[in-house]
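Chain identifiers are assigned alphabetically (A, B, ...) following the order of the sequence lines, protein sequences preceding nucleic acid strands; residue numbering begins at 1 within each chain.
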Number of protein chains: 4
Amino acid sequence: MEPQTDLPVRQASKLETRNSLLQVALELFVEKGFEATRTSEIAQKAGVAVGTIYLHFGDKDGLLSAILVNLADSIYIRVKEVYEKHPSAPPENLARMHIEQIIQYAEENQKIAPFVLDYALSRHPVGAKIIDFMVCQIEENIRQGQASGIYRTDILPPLAARAEAHMNLVLLTHW
Amino acid sequence: MEPQTDLPVRQASKLETRNSLLQVALELFVEKGFEATRTSEIAQKAGVAVGTIYLHFGDKDGLLSAILVNLADSIYIRVKEVYEKHPSAPPENLARMHIEQIIQYAEENQKIAPFVLDYALSRHPVGAKIIDFMVCQIEENIRQGQASGIYRTDILPPLAARAEAHMNLVLLTHW
Amino acid sequence: MEPQTDLPVRQASKLETRNSLLQVALELFVEKGFEATRTSEIAQKAGVAVGTIYLHFGDKDGLLSAILVNLADSIYIRVKEVYEKHPSAPPENLARMHIEQIIQYAEENQKIAPFVLDYALSRHPVGAKIIDFMVCQIEENIRQGQASGIYRTDILPPLAARAEAHMNLVLLTHW
Amino acid sequence: MEPQTDLPVRQASKLETRNSLLQVALELFVEKGFEATRTSEIAQKAGVAVGTIYLHFGDKDGLLSAILVNLADSIYIRVKEVYEKHPSAPPENLARMHIEQIIQYAEENQKIAPFVLDYALSRHPVGAKIIDFMVCQIEENIRQGQASGIYRTDILPPLAARAEAHMNLVLLTHW
DNA sequence: CATGAATGAGAGTTCATTCAT
DNA sequence: CATGAATGAACTCTCATTCAT
């Protein structure tokens with residue numbers, strides 16, 4: 001009934017465990033591939049019990065999904081910054097900087113990029129969810145951009161967002 | 001009792017079965033990945049029993065290996081033709097044509113290339129075997145080239161062969 | 001390509017394995033309940049490997065389902081014989097003999113009856129399938145009975161079948 | 001430091017929690033069976049943490065046991081009232097009223113009765129404990145009855161008690 | 001007293017592999 | 001040569017139970 005003040009402590013500890021699992025799992029997935037990585041191996045390397053993975057992510061696919069969402073997010077944040085830092089730059093410059101951010105990300109994460117792409121494009125049902133996630137974020141950004149005058153208002157956010165998401169992925173693939 | 005003329009027929013049929021398995025397996029490996037493809041699925045699609053796969057390739061890795069050897073071979077044949085068709089071309093031209101062949105192969109087989117690389121470059125113990133196979137072929141070719149005067153005789157075939165094999169793979173990766 | 005004459009032998013052996021599993025599983029389910037019975041236990045008692053259960057029945061529920069279908073079938077066969085042996089008996093006599101068969105079955109299988117009912121009525125998704133199976137069989141029988149003049153033609157087979165199936169179960173429950 | 005008047009409040013709250021757990025658990029056990037009911041589900045429906053169940057009942061079997069004891073008790077109380085209200089009724093009348101009470105209970109709790117029987121009669125080690133509990137209570141009652149002249153003194157309480165307990169259960173089974 | 005994140009033994013299930021036919 | 005029922009080690013996932021807070 002009366003939650004003691006240990007709640008923030010517990011939540012922090014839970015988040016730590018979660019992040020530890022995400023990091024360890026990403027390393028292993030990149031190193032040996034998703035299917036060849038055993039959940040028991042992830043747990044051991046993260047210093048927790050197998051059950052903890054299922055407590056946090058539901059199943060192995062859920063863990064993959066969480067990792068991809070995280071990565072998609074970190075790519076997205078970089079691209080978004082470009083548009084926020086240069087609200088009045090001409091479109092052609094924005095496009096160039098957008099591409100540069102993605103290429104820079106790919107170069108900084110040479111090991112991770114192919115893994116993300118492998119799953120983001122086909123292969124696994126989780127892929128579609130990730131693209132949808134990217135699209136949603138970009139769409140929201142476009143709407144805000146339109147509201148604040150950065151984007152033209154005669155473009156349809158859903159279409160533009162899907163186009164940009166795919167462009168980002170294709171860029172990563174062929175960088 | 002047993003008609004001798006049956007043997008060639010049998011052997012032809014055996015080769016047919018083998019090729020059918022190689023083709024079906026490649027399709028499935030490219031589509032869903034090696035680990036996610038079931039041997040039973042391959043057998044079913046090829047219209048044979050599971051046991052037949054083991055008869056021809058020993059185990060699942062043997063099947064993967066045979067596929068990769070086949071692919072490496074087909075890439076190698078193309079490159080070899082360049083050197084054979086232009087026995088006296090200047091080295092810089094040969095190098096350019098070499099690269100062009102590889103890129104052309106990658107473009108003709110966009111689906112297959114990433115799969116080959118995934119396994120040739122790491123991930124799976126079969127990869128090392130494949131590179132060794134490529135190296136052996138190239139080395140042999142270099143020796144013959146030296147014998148017939150196409151190659152300079154002051155280069156060490158083993159080293160040169162390994163260099164070329166890796167160059168081919170790197171080219172495919174970044175085409 | 002040329003299936004040897006060992007096919008009937010194999011099929012017979014497969015059927016034997018299947019029946020052995022059905023029998024052993026029924027015993028264990030009756031003794032300790034479905035959920036408390038381990039698949040490994042069934043396999044061991046039947047003298048096969050765990051995998052064999054999954055080869056034959058897909059999963060544990062599939063095994064339960066197959067058992068219930070078998071039992072429903074054996075009850076149904078008895079009841080059907082009543083109607084076939086006395087094609088021209090007055091309806092009230094048929095109804096009495098119908099009930100007697102069910103009660104006799106319940107008495108002969110005192111251990112099994114409660115188990116069947118537990119699952120045929122609610123609790124488990126497999127239950128609905130079993131009732132549907134009973135209904136289908138009875139419905140077919142009614143149609144044939146109508147065609148050959150045993151049943152009146154002004155009753156709707158689907159409704160009558162569902163009514164009879166539930167009557168049979170209720171009889172078993174309260175015998 | 002710690003107000004004494006807090007204790008009764010705490011204890012009342014504790015009893016509330018306990019009863020809430022007993023009620024919620026009975027509902028779920030009846031609905032889905034003991035083994036298919038998760039402790040986490042019980043806790044959630046009762047609005048407490050999982051740990052609380054273990055605080056009150058030791059383990060899941062302890063919870064089942066407490067429920068069965070409760071139910072056995074409520075059946076027993078009814079039967080006892082018969083003998084208390086009619087201290088000098090002839091034995092044949094007492095027996096009839098005894099049976100009527102049990103049947104009435106079964107009718108009032110149609111959902112619960114099969115569940116109680118399932119566990120009281122076999123299946124689970126807890127069953128034996130419950131029967132022992134019933135026997136003890138009945139035995140004690142018989143002794144008191146003998147002391148106050150209601151029962152004849154030439155019957156052996158332990159045997160009579162066990163006979164009555166089983167009669168009650170058999171009645172419930174075939175009501 | 002109560003909590004709920006963490007645990008890990010153990011259950012169901014998969015699937016590469018075998019071998020009698 | 002080919003078959004496919006059978007295998008069982010190994011995997012994913014579950015959930016009753018614990019204990020630091």
Side-chain angles (χ1 to χ4, degrees), chain A residues 1-7 9-11 13-18 35 37-41 43 47-62, chain B residues 6-7 10-11 13-14 17 35 37-44 48-56 58-61 63, chain C residues 1-11 13-18 35-41 43 47-56 58-61 63, chain D residues 6-7 10-11 13-14 17 35-44 48-56 58-61 63:
Chain A
M1 282 294 183
E2 291 178 32
Q4 279 102 316
T5 41
D6 64 326
L7 271 192
V9 176
R10 273 211 191 164
Q11 280 177 4
S13 158
K14 192 178 181 181
L15 202 64
E16 238 175 77
T17 302
R18 185 190 152 93
E35 330 226 18
T37 302
R38 309 296 154 212
T39 50
S40 55
E41 204 178 352
V48 298
V50 232
T52 307
I53 294 174
Y54 294 86
L55 179 70
H56 283 267
F57 306 102
D59 58 13
K60 206 185 165 190
D61 277 11
Chain B
D6 184 38
L7 280 183
R10 271 207 187 170
Q11 281 174 3
S13 155
K14 184 180 176 184
T17 301
E35 329 228 20
T37 302
R38 312 293 158 219
T39 51
S40 57
E41 203 180 353
I42 298 168
Q44 198 193 355
V48 298
V50 241
T52 307
I53 293 174
Y54 292 83
L55 203 65
H56 282 267
D59 59 12
K60 203 188 172 190
D61 276 8
L63 175 54
Chain C
M1 281 297 183
E2 292 180 31
Q4 278 103 315
T5 42
D6 65 325
L7 272 192
V9 177
R10 271 209 192 165
Q11 279 177 4
S13 158
K14 191 177 179 180
L15 203 63
E16 238 175 76
T17 304
R18 187 190 151 91
E35 330 226 20
T37 303
R38 308 296 156 213
T39 50
S40 55
E41 204 177 351
V48 298
V50 234
T52 307
I53 294 174
Y54 294 85
L55 179 71
H56 283 267
D59 58 13
K60 205 185 167 192
D61 277 10
L63 175 55
Chain D
D6 184 38
L7 280 182
R10 272 208 188 169
Q11 280 174 4
S13 154
K14 184 180 176 183
T17 301
E35 328 227 19
T37 302
R38 312 295 157 218
T39 50
S40 57
E41 204 179 352
I42 298 168
Q44 198 192 355
V48 299
V50 240
T52 307
I53 293 175
Y54 292 84
L55 204 64
H56 282 267
D59 59 12
K60 203 186 169 189
D61 277 7
L63 176 55

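Here the side chains of A:H56 and A:K14 are in contact, with some heavy-atom distance below 4.5 Å. Residues C:I53 and C:D59 are not in side-chain contact: their nearest non-hydrogen atoms beyond the backbone lie 4.5 Å or more apart. Side-chain contact between D:T39 and D:L63 is absent, with no heavy atoms from C-beta onward closer than 4.5 Å.
The side chain of C:A49 sits closest to F:dG8 out of E:dT18, F:dC13, F:dG8. Nearest nucleotide to the A:D59 side chain, out of F:dC13, E:dT17, F:dA2: F:dC13. Nearest nucleotide to the side chain of D:Y54, out of E:dT7, F:dT18, E:dA2: F:dT18. In the set F:dT12, E:dC1, F:dT3, the nucleotide with an atom closest to the side chain of B:V48 is F:dT3.
Pairing partner, E:dG10: F:dC13, with both Watson-Crick or wobble hydrogen-bond distances short of 3.5 Å. Under the Watson-Crick or G-U wobble criterion, with both distances below 3.5 Å, E:dA20 is paired with F:dT3.
To the nearest 0.5 angstrom, C:R18 atom CZ is 13.5 Å from C:T52 atom OG1.
Distances shown here put a side-chain N or O of B:T52 below 4.0 Å from the OP1 or OP2 atom of F:dT3. Phosphate contact (OP1/OP2 of E:dA16, side-chain N/O of B:R38, threshold under 4.0 Å): present. The side chain of D:H56 places an N or O atom within less than 4.0 Å of a non-bridging phosphate oxygen (OP1 or OP2) of E:dA2. Of the side-chain N and O atoms in A:T39, none sit less than 4.0 angstrom from OP1 or OP2 of F:dC11.
The distance between atom CD of D:Q44 and atom P of E:dG4, rounded to the nearest whole Å, is 11 Å. Whole-Å rounding puts the C:E35 CD to E:dG12 P distance at 10 Å. Computed from coordinates, the D:I42 CD1 to F:dC15 C1' distance equals 12 Å when rounded to whole Å. The CD atom of D:E41 sits 16 Å away from the P atom of F:dT17 (whole-angstrom rounding). Taking atom CD of C:Q11 as the reference point, atom C1' of F:dG4 lies 11 Å away to the nearest angstrom. E:dA2 atom P lies 7 Å from atom NZ of D:K14, rounded to whole Å. Whole-Å rounding puts the A:F57 CZ to E:dA5 C1' distance at 14 Å. Whole-Å rounding puts the C:I53 CD1 to E:dG12 C1' distance at 10 Å.
Sequence order on DNA chain F of the closest nucleotides to A:D61 and C:L15 puts C:L15 first from the 5' end. For the pair C:G51 and B:L55, both in contact range of DNA chain F, the more 5′-proximal nearest nucleotide belongs to B:L55. Nearest-nucleotide assignment on DNA chain E puts the 5′-proximal partner with C:G58, out of C:G58 and B:G58.
Interface remark: the C:R10 side chain does form a donor-acceptor pair with the F:dT3 base, using a distance-only criterion of under 3.5 Å.
No donor-acceptor distance shorter than 3.5 angstrom exists from the side chain of D:K60 to the backbone of D:Y54, with no hydrogens or angles considered.
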